[in-house]
Peer 1: 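Just dropping this structure here.
Note: hydrogens, waters and symmetry copies are ignored here, and every other heavy atom, side chains too, is used. Residue numbers run from 1 in the order of the sequence given.
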Amino acid sequence: MRAEQRRTTRLPSLLLTLALTAPGLGVLALGAATPAAAVGNGAALTPPMGWNSWNSLGTAVNEQQVVQTIDFMSANGLVQAGYNTVTIDDGWSLSHRSGQSTDLVKHPDGSLQLYDINGNPVSGTDGTGIDPTSGDLLPDPDGFPAQTVNGQTLNGIQYLARYAHSKGMKFGLYATDTYTTCQGHPGSLGHETTDANDFVSWGVDYVKYDDCPYGPQIIGPDGHNYYTQGEGKELTRSMYARVQTFQKALDAASAAQGKGKVTLSVSAQPVHSGVPYLLDADDPARTDPVIQAAGTPQYSSPGYSPTGVWCGQVANLCRIGGDRDSELDGVLYNGQLQTALKYPGNVHPGSWNDMDMMFTGWNDPYGVYGVTTTCVCAKSFTDDESRTETSVLSMMASPLISGADLRTAAQSQHSYNGVNWSTGIDAGSLAVLKNPGVIAIDQDTLAEPATLVGAAPASPTAPVVLKRRLADGDTAVLLVNQDPANARTVSTSLAALGLTGPGYTYKDIWGGGTGRFTDTVGASVAPHGVALYRLTPLPTTVPAAVVGDGKYHAIGAGGTGGTGGQVLEVSGTCSSAVGSLADTNTWWSTHTSEQWTFTPNPDGTVRISDNCDTGTQVHTVLAAGSAAGNSAYLLNASPGNPWQEWRVLQNTTTGTLTITNVGNGLTLDTSGTTPGSTVVTNQPNGAAPGQAWTVTS
């Protein structure tokens, strides 16, 4: 059951290896190179978000299920969060076009039977052969019956497009640049104008365009085994050219019908290499400068290199790897993350590297892991893994296309061998998809994907750190624990991130907390988990003017009245013993216990000393404890002791001081607003009023 029902949309990965590693760089080029340009159709200016039917519904998808999905997405906040496109994958059409009364005639290997000009069957493996089919693609009436709306009869696809639009959503449909789709339905090769006109007239806003050439192995005259490469025009036109033909047909249909441009998603990373001697002399891939610059390996044709090289010139979305499944490794460094990092130039408004449909919230429709099957391919993501997948895709500016079953539990029931279960998404996974902070990173208008911080991981379980510049000047930092079994501390530094400011406030995107980083960015991360931070530069700061001026100053505690309110003092005044605490109290200009001098140390840190000179205290030094919430206290000076050293920065706009301890990295704060409240050190927080100190005198 499983082998038949799971998607089988790709040819052996060996062919991709051949295409990328064959020796030599026999670049094929005829004529002068023409300038390369992005598709530039004005669509997909940020990464598309939505849902695709394949992972949960496969070829069994039907009209009722799609309506249920649209309703669920609308009612549960997904559309409002940005997931506004619903796409039907392979299997929606009949197995013949309107010009035929019987299904496609195919070879046992799944390839379409082609014919010569006299109607005789040919193999097509020499690039010749005529596709005998004609007419329009036909929605399967069993799954997508026609509907009457306001007296108008709509085919099943038209009806669903109109229904999606009525909910404020966009509608997507599947097609291929080959003679047949991956599941054997009619493809769009040779029918691009017809299919584009139909799609636009039906209300299609988004097309997932696949690549599925079937056929026998091809042994070239050079004796090389090219393996399966397709037949007919699949051999004479590059993948680049076939996608470009359909994209231009979509644009022409949109213009002719006065409708908006259609987003085109190339969903296939070419796993075949082409056959160089069969490629048409005028194929545009031959003269494309981007393809030429990348080079074409021996035994390969231009236009078959990885999509990250060329795809953005002919489509809006570009699959950069094969089909992923519900094993998180597929999205980590040894999977599609490493590939995405190779092709940042393919990412810009209108062009995105697609890391495949998301498995966040997906449950296997064919079995229950640990109950009906032990295949890890049936294992759902943990909540940590869901956050990891969503974070990695967002950092790389990848489209967020859910493959989960976005319907209610009652609508998504399954049964197998006496076991009943629902594949409907749960509340936790739904919350992951809708997290506004991670969506904001994915949709950031700067459109600059993340880069790797430091060296590549030394093993599949080693941590990964990514950073991404954002349009408002913030920086997103992702700490990834690739270890599936153990929690790990993952960290980096501001210097390694290329952040040169004195400090940064942060928002923990998944945990919701806030704070401040002044040196190290790190966290303890769960197995296969992440920590995702959005860092904002602190307001422009400079070393405080009071540092090194040789004077004693009173400093007012924010949130306690400021100037004229409470100030930092030695608790119990100067008659207290060494080791007494610091607190805040009413300011008296004559109290030496409320007067402090800020002396620079040779390493740039600061020693903060009181103005006491009594039998119990003589200019003791402010010190901090080891943990957040510990009290600050007064000790005799001990040069080089980091717990007695501070960084004192002054906001150039407000004049307030931020006083951060070197030993613990925490910031001087108040524990309350009443006189006599203890002074403590806490996690840096730019919004905490007690961490803003004012020079009172």
Side-chain angles (χ1 to χ4, degrees), residues 544-648 656-682 690-697:
V546 296
V547 175
D549 68 359
K551 300 177 182 179
Y552 284 95
H553 301 273
I555 55 172
T560 66
T563 302
Q566 297 173 47
V567 297
L568 179 69
E569 75 156 4
V570 179
S571 181
T573 72
C574 290
S575 60
S576 299
V578 172
S580 61
L581 303 181
D583 67 6
T584 59
N585 222 320
T586 304
W587 178 47
W588 294 91
S589 61
T590 57
H591 285 196
T592 55
S593 59
E594 297 179 351
Q595 298 171 1
W596 306 85
T597 187
F598 298 81
T599 305
N601 296 313
D603 61 0
T605 60
V606 176
R607 184 173 70 253
I608 303 174
S609 308
D610 61 41
N611 195 20
C612 294
D613 189 359
T614 67
T616 54
Q617 285 205 49
V618 180
H619 304 306
T620 50
V621 175
L622 188 67
S626 60
N630 287 175
S631 301
Y633 51 100
L634 284 307
L635 295 176
N636 291 321
S638 175
N641 183 341
W643 312 103
Q644 296 182 8
E645 295 177 342
W646 305 81
R647 293 187 178 91
V648 185
T656 56
L657 308 182
T658 300
I659 303 173
T660 303
N661 187 257
V662 173
N664 61 22
L666 304 175
T667 298
L668 198 67
D669 199 350
T670 57
S671 63
T673 59
T674 59
S677 295
T678 303
V679 171
V680 297
T681 52
N682 272 326
Q691 295 185 12
W693 298 84
T694 305
V695 179
T696 301
S697 67

Peer 1: Where do Thr616 and Ser575 come nearest, in terms of heavy atoms and distance?
Peer 2: OG1-O, 3.0 Å
Peer 1: Using every non-hydrogen atom in the two residues, find where Val567 and Gly556 come nearest and quote the distance to one decimal.
Peer 2: CG1-CA, 3.8 Å
Peer 1: Using the test ring pair (Phe, Tyr, Trp, His ring centres under 6.0 Å), find all partners of His591 that sit at least two apart in sequence or belong to another chain.
Peer 2: Trp588
Peer 1: So, Thr694 side chain and Thr696 main chain: donor-acceptor pair closer than 3.5 Å or not?
Peer 2: no
Peer 1: With side chains defined as the heavy atoms from C-beta onward, is the minimum distance between Trp587 and Glu594 less than 4.5 Å?
Peer 2: yes
Peer 1: Residues two or more places apart in sequence or in another chain: which of them pass side chain to side chain contact (heavy atoms under 4.5 Å, CB included) with Ser677?
Peer 2: Thr584, Ser671, Thr674
Peer 1: Atom OG in Ser593, atom CD in Gln617: separation rounded to 0.5 Å?
Peer 2: 9.0 Å
Peer 1: Evaluate the criterion side chain to side chain donor-acceptor pair (under 3.5 Å) for residue pair Asn585 and Glu569; output intermediate values, then yes/no.
Peer 2: CA-CA 7 Å; Asn585 222 320; Glu569 75 156 4; 3.1 Å; yes
Peer 1: Without placing hydrogens or testing angles, list every side-chain donor-acceptor pair under 3.5 Å for residues 659-669, not counting sequence neighbours.
Peer 2:
unit_1	atom_1	unit_2	atom_2	d
Thr660	OG1	Thr667	OG1	3.4
Asn661	OD1	Gly663	N	2.9
Asn661	OD1	Asn664	N	3.1
Asn661	ND2	Trp643	O	3.0
Asn661	ND2	Glu645	O	3.3
Asn664	OD1	Leu666	N	2.7
Asn664	ND2	Gly625	O	2.8
Asn664	ND2	Thr681	OG1	3.3
Asp669	OD2	Asn682	ND2	3.2
Asp669	OD2	Gln691	NE2	3.3

Peer 1: Give me each pair satisfying disulfide bond (SG atoms under 2.5 Å apart) with a member in residues 586-619, each pair once, sequence neighbours excluded.
Peer 2: Cys574-Cys612
Peer 1: Any side-chain to backbone donor/acceptor pair from Thr620 onto Asn636? Under 3.5 Å, distance only.
Peer 2: no
Peer 1: Tell me every residue that passes side-chain hydrogen bond (donor to acceptor under 3.5 Å, both in side chains) with His553, counting only those two or more places apart in sequence or in another chain.
Peer 2: Asp549
Peer 1: For residues 595-602, run the donor-acceptor check on the side chains, cut-off 3.5 Å, and write out each pair with its distance to 0.1 Å, sequence neighbours left out.
Peer 2:
unit_1	atom_1	unit_2	atom_2	d
Gln595	OE1	Asn611	ND2	2.7
Gln595	NE2	Ser589	O	3.1
Trp596	NE1	Leu568	O	3.0
Thr597	OG1	Lys551	O	3.2
Asn601	OD1	Arg607	NH1	3.3
Asn601	ND2	Thr605	OG1	2.9

Peer 1: Just to verify, what does Ser576 make a side-chain hydrogen bond (donor to acceptor under 3.5 Å, both in side chains) with, not counting sequence neighbours?
Peer 2: none
Peer 1: Quick check: closest heavy atoms across Ser631 and Thr678, and the distance to 0.1 Å?
Peer 2: OG-CG2, 3.2 Å
Peer 1: Would you please name every residue forming a side chain to side chain contact (heavy atoms under 4.5 Å, CB included) with Ser638, sequence neighbours left out?
Peer 2: Asn641, Gln644
Peer 1: Please report the closest heavy-atom contact between Val621 and Ala637, naming both atoms and the distance.
Peer 2: CG2-CB, 3.6 Å
Peer 1: Closest approach of Ala624 and Trp646, non-hydrogen atoms and distance?
Peer 2: CB-CH2, 3.8 Å
Peer 1: Among residues at least two apart in sequence or on other chains, which ones pass side-chain hydrogen bond (donor to acceptor under 3.5 Å, both in side chains) with Ser626?
Peer 2: none
Peer 1: Does any part of the side chain of Trp693, heavy atoms only, come nearer than 4.5 Å to the side chain of Thr656, both counted from C-beta?
Peer 2: no
Peer 1: For the residue pair Gly579 and Leu635, what are the closest heavy atoms and their distance?
Peer 2: CA-CD2, 4.2 Å
